[in-house]
Colleague: 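The structure's right below; bear with me while I get my questions together.
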Amino acid sequence: MPQTLAEAAHSELLIKKSRFIGCVQPVADRERAQHIVAELRAAHPGAAHVCWALLAGGQSAAVDDGEPSGTAGRPMLDVLRHQDLEGVLATVVRYYGGVKLGAGGLVRAYTDSVAQALLLATKVPIVRHVTLICDAPYAQEGLVRRELDLAGATLGVVSHDAHVTFTFQIAEADAAALQARLSEAGHGRIIWRDMQA
């Protein structure tokens with residue numbers, strides 16, 4: 001099951017006089033990730049590199065920021081993928097210490113920076129939600145409200161017209177069971193709307 005992070009977690013490594021400041025944090029999309037990276041650059045004007053990797057809603061990225069190609073961003077991204085994470089940005093700010101690490105040394109340094117931060121991070125499962133809409137007779141409004149509450153659904157808009165229309169969100173994994181329960185309890189009088197319509 002894919003996971004994301006509850007909050008940001010940091011690491012700091014000193015390797016052959018170079019300082020690597022790692023961070024992993026939850027992000028929604030590439031635009032937010034780029035904003036965070038820009039803030040890091042502003043906060044660390046003396047840094048040689050600000051490398052980053054992103055996995056968020058199919059918007060993956062691996063940026064070496066001047067390090068030899070494939071030695072920073074890609075290894076960082078591989079760590080995120082290996083941990084089955086989603087909606088996560090990994091950044092590493094490097095202050096160059098004057099000693100070259102070589103390609104293998106760089107890959108290890110960036111990989112370790114992200115891995116160390118992830119050891120301190122709290123991972124949480126990603127629960128995908130769906131929006132459902134149903135129509136119920138007025139006499140069954142209380143029944144629907146109780147069932148939605150018991151199922152942990154988040155009630156959205158409720159409109160009263162010829163019938164009561166409920167729009168709500170529920171965890172995708174629980175949707176079919178709730179629909180079946182409501183349809184049975186409502187004796188077939190609860191009508192489900194097609195979300196594509």
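Remember, it's a predicted structure, so these values are computed and weren't measured experimentally.
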Colleague: For a side-chain contact (heavy atoms from CB on, under 4.5 Å) check, start with the C-alpha distance between Arg32 and Asp29, then their side-chain angles and the critical distance, and finish with the verdict.
Modeller: CA-CA 6 Å; Arg32 178 71 187 130; Asp29 54 34; 3.4 Å; yes

Colleague: Closest approach of Arg74 and Asp64, non-hydrogen atoms and distance?
Modeller: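 Looks like N-OD1, 4.2 Å.
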
Colleague: What distance do Thr91 atom OG1 and Ile36 atom CD1 have between them, rounded to the nearest 0.5 Å?
Modeller: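 Result: 8.0 Å between the selected atoms.
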
Colleague: Closest heavy-atom contact between Ser11 and Gln116?
Modeller: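 The answer is CB-CB, 3.7 Å.
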
Colleague: Nearest 0.5 Å please: distance from the CG atom of Leu120 over to the CG atom of Leu5.
Modeller: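 Leu120 CG to Leu5 CG: 11.5 Å, rounded to 0.5 Å.
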
Colleague: List the steps and the verdict of side-chain contact (heavy atoms from CB on, under 4.5 Å) for Val37 and Val50.
Modeller: CA-CA 7 Å; Val37 170; Val50 179; 4.1 Å; yes

Colleague: Checking side-chain polar atoms at under 3.5 Å, does His35 have a donor or acceptor matched by the opposite partner on Glu31?
Modeller: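 Not at all, the side chains of His35 and Glu31 share no donor-acceptor pair under 3.5 Å.
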
Colleague: Looking only at heavy atoms, what is the nearest atom pair of Ala53 and Gly73, with distance?
Modeller: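 Shortest heavy-atom separation between Ala53 and Gly73 comes out as CB-O, 3.7 Å.
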
Colleague: For the residue pair Leu101 and Arg94, establish whether any side-chain heavy-atom pair is separated by less than 4.5 Å.
Modeller: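 Yes; the side chains approach each other to less than 4.5 Å.
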
Colleague: Determine yes or no for a side-chain-to-main-chain donor-acceptor pair under 3.5 angstrom, with Ser18 supplying the side chain and Gly97 the backbone.
Modeller: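 The answer is yes, because a donor-acceptor pair under 3.5 Å joins these two groups.
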
Colleague: Side-chain heavy atoms under 4.5 angstrom apart, residues restricted to Ile, Leu, Val, Met, Phe, Trp, Tyr: same cluster for Val27 and Leu118?
Modeller: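 Unlinked, Val27 and Leu118 end up in two clusters.
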
Colleague: To the nearest 0.5 Å, tell me how far Asp78 CG sits from Gln83 CD.
Modeller: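 Result: 12.0 Å between the selected atoms.
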
Colleague: When you look at CZ of Arg189, are more than 12 heavy atoms from neighbouring residues, nucleotides or ligands closer to it than 6.0 Å?
Modeller: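 Atom CZ in Arg189 is not packed in, count stays at 12 or less.
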
Colleague: Partners of Ala8 by side chain to side chain contact (heavy atoms under 4.5 Å, CB included), sequence neighbours excluded?
Modeller: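 For Ala8 the side chain to side chain contact (heavy atoms under 4.5 Å, CB included) partners, ignoring immediate neighbours, are His10, Cys23, Gln25.
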
Colleague: Using the rule that Ile, Leu, Val, Met, Phe, Trp and Tyr join whenever any side-chain heavy atoms are under 4.5 Å apart, tell me whether Ile170 and Val144 fall into a single cluster.
Modeller: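 Result: yes, single cluster for both.
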
Colleague: Would a hydrophobic clustering, with Ile, Leu, Val, Met, Phe, Trp and Tyr connected at side-chain separations under 4.5 Å, put Ile21 with Ile15?
Modeller: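 Result: no, two separate clusters.
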
Colleague: With Tyr95 as reference, evaluate Arg19, His44, Lys17 under the side-chain hydrogen bond (donor to acceptor under 3.5 Å, both in side chains) test and give the passing residue.
Modeller: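 Answer to the side-chain hydrogen bond (donor to acceptor under 3.5 Å, both in side chains) test with Tyr95 among Arg19, His44, Lys17: His44.
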
Colleague: Under 4.5 Å between side-chain heavy atoms, counting indirect links through other Ile/Leu/Val/Met/Phe/Trp/Tyr residues: same cluster for Val124 and Leu80 or not?
Modeller: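 Val124 and Leu80: separate clusters.
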
Colleague: Going from CG on Leu178 to CG on Leu148, what distance comes out if it is rounded to the nearest 0.5 angstrom?
Modeller: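 Answer for the CG-CG pair, Leu178 versus Leu148, is 6.0 Å.
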
Colleague: Check whether Thr4 reaches the backbone of Ile126 with its side chain - one donor and one acceptor, N or O, closer than 3.5 Å.
Modeller: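 Answer holds: no.
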
Colleague: Please check: side-chain N/O of Gln3 versus main-chain N/O of Lys123, any donor-acceptor pairing under 3.5 Å?
Modeller: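 It does not hold such a pair.
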
Colleague: How about Arg145 and Val158: do any of their side-chain heavy atoms sit closer than 4.5 Å?
Modeller: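 Yes - at least one pair of side-chain heavy atoms lies under 4.5 Å apart.
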
Colleague: Considering all heavy atoms of both residues, which atom of Cys51 and which atom of Glu67 are nearest to each other, and what is their separation?
Modeller: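 Minimum heavy-atom separation between Cys51 and Glu67: SG-CG, 3.9 Å.
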
Colleague: Output the distance between atom CD (Glu147) and atom SG (Cys134), rounded to the nearest 0.5 Å.
Modeller: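 With rounding to 0.5 Å, CD (Glu147) is 11.0 Å from SG (Cys134).
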
Colleague: Under a 4.5 Å side-chain heavy-atom rule over Ile, Leu, Val, Met, Phe, Trp and Tyr, are Val164 and Leu155 clustered together?
Modeller: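 Yes, one cluster joins them.
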
Colleague: Indicate yes or no for a side-chain donor-acceptor contact from Asp65 to the backbone of His49 under 3.5 Å, with no hydrogens or angles considered.
Modeller: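 Not at all, since once roles are kept as given, no pair shorter than 3.5 Å links the two residues.
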
Colleague: Taking all heavy atoms of Thr165 and all of His163, pick out the closest pair and write down the distance.
Modeller: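 Nearest pair, atom of Thr165 first, then His163: OG1-CD2, 3.5 Å.
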
Colleague: Sequence neighbours excluded, which residues qualify as ring-ring contact (aromatic ring centres under 6.0 Å, His included) partners of His160?
Modeller: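 ring-ring contact (aromatic ring centres under 6.0 Å, His included) list for His160, sorted by chain: Tyr138.
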
Colleague: Applying side chain to side chain contact (heavy atoms under 4.5 Å, CB included) between Trp192 and each of Asp135, Ile133, Leu182, report the one that passes.
Modeller: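 Option passing the side chain to side chain contact (heavy atoms under 4.5 Å, CB included) with Trp192: Leu182.
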
Colleague: Side-chain contact, heavy-atom cut-off 4.5 Å: Ser60 with Arg81?
Modeller: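 They are in contact (side-chain heavy atoms under 4.5 Å apart), so the answer is yes.
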
Colleague: So which atom in Ala151 and which in Arg181 form the shortest heavy-atom distance, rounded to 0.1 Å?
Modeller: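 Minimum heavy-atom separation between Ala151 and Arg181: CB-NH2, 3.7 Å.
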
Colleague: Rounded at 0.5 Å granularity, tell me how far CG in Leu40 sits from CH2 in Trp52.
Modeller: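 Answer rounded to 0.5 Å: 11.5 Å.
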
